[in-house]
Structures are given as structure tokens and as C-alpha cells.
Amino acid sequence: MPGHLLAIFLATIFGIILKAASMGTMAMLGITLCAATQVLEPGKPGLAVAHALSGFGNATIWLIGLAFFIARGFIKTGLGTRIAYYFIRLFGRGPLGLAYGLNIADLILAPAIPSNTARAGGVIFPIMKSIAVNMDSHPEKPETHRRIGAFLTLSSYNANMVTSVMFLTATASNPMAQKFAKDPGIHISWGSWALAACVPGLVCFILLPLFLYKFFPPELKKTPEAPAMAAQKLKEMGPITTKEWLMVATFFILLGLWIFGDIFQVDATTAALIGLCILLLTSVLTWEDVKSEKGAWDTIVWFSSLVMMGSYLNSLGFIGWFGKLVGGQLATLSWAWAFPLIIIVYSYCHYMFASATAQAAAMYGVFLAVGISVGVPGTMLAIFLGACATLMGCLTHYGHGPAPIFFGSTYVDMKDWWKYGFFISVLFLVIWFSIGGLWWKVLGLW
């Protein structure tokens, strides 16, 4: 009954997009409808419920939840804030240095904090705003916004989009893309994602502040007091604590297992379980911390619902059928022409979405199937599509979880946010098509 399942899936997605209710509420409604209507197993109520709840047994979903728990260690111990202040002390003598200092801190935290909203909102944004205010750029004084606050706002937010696509565990939509890519037989590991995304990601990371400094420049050109401010904050924090060192050690163990997991025959979810157990046994985290991590449990619930429905749509043949149908319309094009067309259409559909995960759930599988049906190399397309949903968060002030946080500072008005967001989207796509395309040729992805 793929038609009925599709109706429930689309109703859930549109409910999330239109914010008819919270994502968790819409997800539970979707699960309940699948169970109550027996759409997955007609005439067998017991099996229908089991299938409706099958998403909770998906290892990828638990990888995201576990990474949320581990990320709590960075915030609870203060290690994330300490890292950010270290880089401001090192690089913060001018606006560009401040931008790179904040962005490098975000990059270091990205592999271990899967909620880029928590990473940006809980660590980077408070420090960025504090720096701007100390530089006499106040949110409540519009005439001071362009002094430095507006520049740092766009730089920090869009750098967060870049760091979020460089690692599989840097934002929730990446593992969703990985999971959906498995359905047509495309295997993407933590290491292969990082390897494919690192070069175009780093080029975007380096060029973004320079682009903004050229076309959206701050009035303030030197910030000699910023390193002193960061040094004072570090002094107030005191020496690195034992729990921070334990957090550092756990972080490196996790990175090692994620990168070399294939050698040790340890998958990414098992590695995350090991990391969480280390933090619990060393009392860096308590079980109360795990229970109170609402973002993790919320993500597990709605992600389970969407992945369950998306997987069954694929197994019932809908995704493959629709891919072939649309692919037939592109049959006259070579894959080299169809590839950019698919990416561009998928990218700018993000204007309709307030979440990369919502876009990935609604459109990723279909666009991947279309690309494969016309001969686009699968792994290259799967990773690029996975990155696009997050990179295009630059387009609007609601385009990704951290956007309302940064936009809410009022340093950048809506007109400038949308205007420069579009320019940045073009910059990102040009880099990923050109530099990324060359790098993927070297890796043998096409």
C-alpha cells in the first residue's frame, strides 16, 4: 500500500514544514497512523505495530542520539568554550582573525557535536556576541551593527553550515543521508564522508570570511583588545580540569574509532557507545545528564519516524519507481549535464524548508534515485546531495537550526541576510562543483 504510506509520509513532512505541531508530535502521529491503519502489514496488527516502531532499532539513529550525549560533555565541562577563547587569543587582533578564531573552534568541535544548533548557539554565538559588544557593536544600537557585529554574525553562522557538512556526525541530516543512500546500495562510512567533503569544505571555510570581508566589510579594521579579553576569560576559567582532560582523551578515542573503524571492525554507533560509557564511568557525565538531554531524545523520536517511512517507501518500490519516472524525462541528457541540474534544483528548493533534516527526509531519496537512473556516480551524488541541504541553510534566516539564533541578534537585517545568503550559496556551489569535482576525480568517485 505505497500510496497510503506516501500520504502519511507527506502529511508528516508538511506538518513539520508548516509547524502545525512540534516535530516530535508530528513524528508520533506518523508512527501511530502507520500502526493504526496497518498500512505496512495489512491484516496483521501485531506486525504492523512492530514495523511502525522499527525505526527505533536503526543504528544510525542511535549514533545521532549518542553523539548528542557525548556533546553534552563539551558543554558541561566548559571545554568547548575554552577552545573558542584559545583561538580568539591567538588570532583575534583583527576582524578576520576573530572570524577565523571562532570558525576554527567550530571546526574542532564539529565532529563530536552533532547538533550544530547546540554547537553554534551554546558555544560560538555567546562568545561572538560578547566580542561584538566589547568592540562597541551593540544589538540595540543599529548604527553600530556594521562596526563588527554584522560581519561576525554572517561569518560565524555560515561557517557553521560549512563545518556541519565536513563530518558525518556534525549535524543530524548527514546520517539521514547516509541511511537513505544505503537503500540503493551506496555505502558511506564516517571516514569516506570526511575524505570526500574535506577539500571543498576547507576551501569554503577559508574563502567565506575573505568573501564577507570584501563584500560585507566591518567598519572596525583592528581589534587589539580581543586577545586580552579572551585571555582574561581563560584566566577566570582557571587551569584545565581533570574532567576536561578526560573529555579530550575521549574525543580522540572516538575520532580514532570513527576514522579507522573498518580496520578494528567497530562501526560508528559502537564507537559512540564506547565513548559514552567512558564519560559515564569517569563521571564526566552522569545518567541524569543523559536523561535530561531533551534534544537527543527528541531527535531519536522524529528521526525514527521519518527513516521508518522513508525506508518502507523504498522497499515497497515507490522511490525507485518515481526515480525512473523523473529520470525518463532526463534520459536525453548525459549524466554530466543532469548532475548539476539535479544539484541546483535540490539546493534552491531549500527556500521552502526550515530544516536540512526535513528537506533530506522529503526529497533526498527521490533526487538520489533520479540521479542514479541517469547514470550519475552514486557515491559522489549521495555526498553532494547530503551536503547541499545544510550548505543551503545560508539562504534564509530560517534555513537551519542556528539561523534564528544568529538572526535574532538583530545585527543583520532580513534584506541583507537573504541577499548575501544567496551570494554565499553561489560561492559554495561553485567551490563544490569545481574544487570538489576535481577532488572526487582524484578519489575515483567518478
Check whether the side chains of [X] and [Y] place a donor and an acceptor atom closer than 3.5 Å, and report yes or no.
{"X": "S164", "Y": "R119", "answer": "yes"}
{"X": "S155", "Y": "Y213", "answer": "no"}
{"X": "T171", "Y": "N174", "answer": "no"}

Quick check, are the ring centers of [X] and [Y] under 6.0 angstrom apart?
{"X": "F406", "Y": "F125", "answer": "yes"}
{"X": "W193", "Y": "F167", "answer": "no"}
{"X": "W446", "Y": "F339", "answer": "no"}

Supply the atom-to-atom distance [X] [atom1] to [Y] [atom2], rounded to the nearest 0.5 angstrom.
{"X": "L385", "Y": "I342", "atom1": "CG", "atom2": "CD1", "result": "7.5 Å"}
{"X": "L79", "Y": "M247", "atom1": "CG", "atom2": "CE", "result": "7.0 Å"}
{"X": "I431", "Y": "I435", "atom1": "CD1", "atom2": "CD1", "result": "7.5 Å"}
{"X": "K243", "Y": "T250", "atom1": "NZ", "atom2": "OG1", "result": "12.5 Å"}
{"X": "L281", "Y": "L246", "atom1": "CG", "atom2": "CG", "result": "11.0 Å"}
{"X": "I274", "Y": "L279", "atom1": "CD1", "atom2": "CG", "result": "12.0 Å"}

Main chain of [Y], side chain of [X]: is a donor-acceptor contact present, judged purely on distance under 3.5 Å?
{"X": "Y100", "Y": "F205", "answer": "no"}
{"X": "S156", "Y": "L152", "answer": "yes"}
{"X": "Q178", "Y": "A382", "answer": "no"}
{"X": "W439", "Y": "L195", "answer": "yes"}
{"X": "K76", "Y": "L285", "answer": "no"}
{"X": "E293", "Y": "V290", "answer": "no"}
{"X": "H350", "Y": "Q359", "answer": "no"}
{"X": "S305", "Y": "A27", "answer": "yes"}
{"X": "S192", "Y": "S189", "answer": "yes"}
{"X": "S292", "Y": "D289", "answer": "yes"}

Return the minimal non-hydrogen interatomic distance between [X] and [Y], and the atom names on each side.
{"X": "N160", "Y": "P402", "answer": "OD1-CG, 3.5 Å"}
{"X": "A196", "Y": "L443", "answer": "CA-CD1, 3.9 Å"}
{"X": "D183", "Y": "K179", "answer": "OD1-NZ, 3.6 Å"}
{"X": "M309", "Y": "T12", "answer": "CE-OG1, 3.8 Å"}
{"X": "G378", "Y": "L368", "answer": "O-CD1, 4.2 Å"}
{"X": "F433", "Y": "I344", "answer": "CE1-CG1, 4.4 Å"}

Tell me, with the steps shown, if L341 and W337 meet side-chain contact (heavy atoms from CB on, under 4.5 Å). CA-CA 7 Å; L341 183 62; W337 284 103; over 6 Å; no
Would you say [X] and [Y] make side-chain contact, with heavy atoms under 4.5 Å?
{"X": "L212", "Y": "I424", "result": "yes"}
{"X": "F384", "Y": "I343", "result": "yes"}
{"X": "T37", "Y": "H4", "result": "no"}
{"X": "V376", "Y": "V374", "result": "yes"}
{"X": "Y351", "Y": "M392", "result": "no"}
{"X": "F69", "Y": "W297", "result": "yes"}
{"X": "M166", "Y": "V162", "result": "yes"}
{"X": "F216", "Y": "F211", "result": "no"}

Out of L5, I8, V39, which one pairs with L33 under the side-chain contact (heavy atoms from CB on, under 4.5 Å) rule?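 Among L5, I8, V39, the one meeting side-chain contact (heavy atoms from CB on, under 4.5 Å) with L33 is I8.
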Take L154 and Y420, measure what side-chain contact (heavy atoms from CB on, under 4.5 Å) needs, and give me the verdict at the end. CA-CA 9 Å; L154 284 185; Y420 290 99; 4.2 Å; yes
Sequence neighbours excluded, which residues qualify as salt bridge (Lys or Arg N to Asp or Glu O under 4.0 Å) partners of K419?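 With neighbours one apart ignored, the set is empty.
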Using 30° and 60° as the class limits, which term best fits the ring planes of F422 and Y348: parallel, tilted or perpendicular?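 The rings of F422 and Y348 sit tilted, inter-plane angle from 30° to 60°.
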Between M176 and Y364, is the side-chain contact (heavy atoms from CB on, under 4.5 Å) condition met? List the steps. CA-CA 9 Å; M176 178 177 278; Y364 181 89; over 6 Å; no
Going through the checks in order, is the side-chain contact (heavy atoms from CB on, under 4.5 Å) test met by F56 and I31? CA-CA 11 Å; F56 290 97; I31 291 172; 3.8 Å; yes
Going by the rule side-chain hydrogen bond (donor to acceptor under 3.5 Å, both in side chains), which residues pair with T396 if we only count those two or more places apart in sequence or in a different chain?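 By the side-chain hydrogen bond (donor to acceptor under 3.5 Å, both in side chains) rule, T396 matches no residue at all.
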